[in-house]
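In each ligand, atom 1 is the first atom listed, and ligand 1 is the first ligand listed. In what follows, residues are counted from 1 in the order of the sequence shown.
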Amino acid sequence: MAPASKDISAFEIMGDYWTLLIVRELMYGASIWSDFSGVIAIPPSTLSNRLAKLVTAGCVVKSVVPKRAEGAYKLTEAGKGLFPILIVAREWQLKWDLRPGAFVSPWIHECGAPLHCKTACLACHEEIISQDILFNGATQAHGHGGTLNHRTSNKPNADLRTSNAKMAKITVFLGDQKALKVMDALLQGHNRFDDIQKWTGLHPAILSGRLRKLQLLELCVLRLYQELPDRVLYLPSDAGKELIGLITQLMKWDADRNCTSSSKPVVHHKLCGEALKVSLICCACKGRITYENTSVNL
Ligand SMILES: [Zn+2]
Ligand SMILES: [Zn+2]
């Protein structure tokens, strides 16, 4: 097996609409092409391309199946490590997207309870909330122009598990690496247009579009801080602030693998003063949530 590429960050892997859906299906045990194409309206070339990239990222291994040119795919340990990211995203979706019709994975924890989670500090065990996170030295943008960065805007809903035309809000957000990067900037305290632009490295027109998208998703609110000429701050909404759990899980995946293209902000938990290490806790039994100790009832 080829060693995992350390150049591909969790932001790049999860910040792609198709890859997000493919990883979800892999978590359910999907292995061969028809397992994916049965639930995602994905063109074969796109499926092939995204699976190849997951192999390069070290998240998936491919094995040869007799008489099947496309082979079979299985999650590696690094791939299973993406599970908390999906679960935190799912929790956000359950709380903040109240429109009917969006699909939510029916995961069950080993304690028997339907999965509800919170992201907790490993040192003090308190729940992670955005006000308690201190970002220092966050001067460098997350790696961009990465190999998994593809155009994702204006994509029709191709997730056949979703019962109507509404794509889950979290998928619209998470599957767009640029939107993810802008939200990361807002949560790290970059709130003026120029500052966000400098930090993310995005073209101003692209940044404007993503800020608009975040407003439409109700993740970002504007506050006027100067008149004539009008200047605004872009601030995370309450729903946006709760994406901190997702951002910390993305950073954790990179940190666990020493991802080389990821920025390494020094992050502390204000409550206990420790360098931030997070874990995912079951709200019912307070036990840890991992891929291995959960099951899905499809
Ligand atoms: Zn703490
Ligand atoms: Zn539990």
Exercise for review: Determine, step by step, whether L217 and K213 satisfy the side chain to side chain contact (heavy atoms under 4.5 Å, CB included) criterion, reporting the C-alpha distance in whole Å, the side-chain angles of both residues, the deciding distance to 0.1 Å, and the verdict.
Suggested key: CA-CA 6 Å; L217 289 169; K213 179 173 178 174; 4.1 Å; yes

Study note, to complete from the structure: The N/O/S atom of H269 lying closest to the Zn ion (ligand 1) is ND1

**Study point:** Closest H109 atom to the Zn ion (ligand 2) [N, O or S only]
**Key:** ND1

**Study point:** side chain to side chain contact (heavy atoms under 4.5 Å, CB included) partner of P84, the single match among T290, V278, L280
**Key:** L280

Point to revise | N/O/S atom of C283 inside 2.8 Å of the Zn ion (ligand 2), strictly under | key: no

Exercise for review: Verify the ring-centre separation between W96 and F173: is it less than 6.0 angstrom?
Suggested key: no

Point to revise | H125 N/O/S atom closer than 2.8 Å to the Zn ion (ligand 1) | key: no

Point to revise | SG (C121) - the Zn ion (ligand 1) - SG (C124) angle, nearest 10° | key: 110°

Check your understanding: Would you say R99 has more than 12 foreign heavy atoms packed within less than 6.0 Å of its CZ?
Key -> yes

Review point. The Zn ion (ligand 2) as vertex, arms to SG of C282 and SG of C285: angle to 10°?
Key: 110°

Check your understanding: So Y28 and W107, would you call those rings parallel, tilted or perpendicular, with 30° and 60° as cut-offs?
Key -> tilted

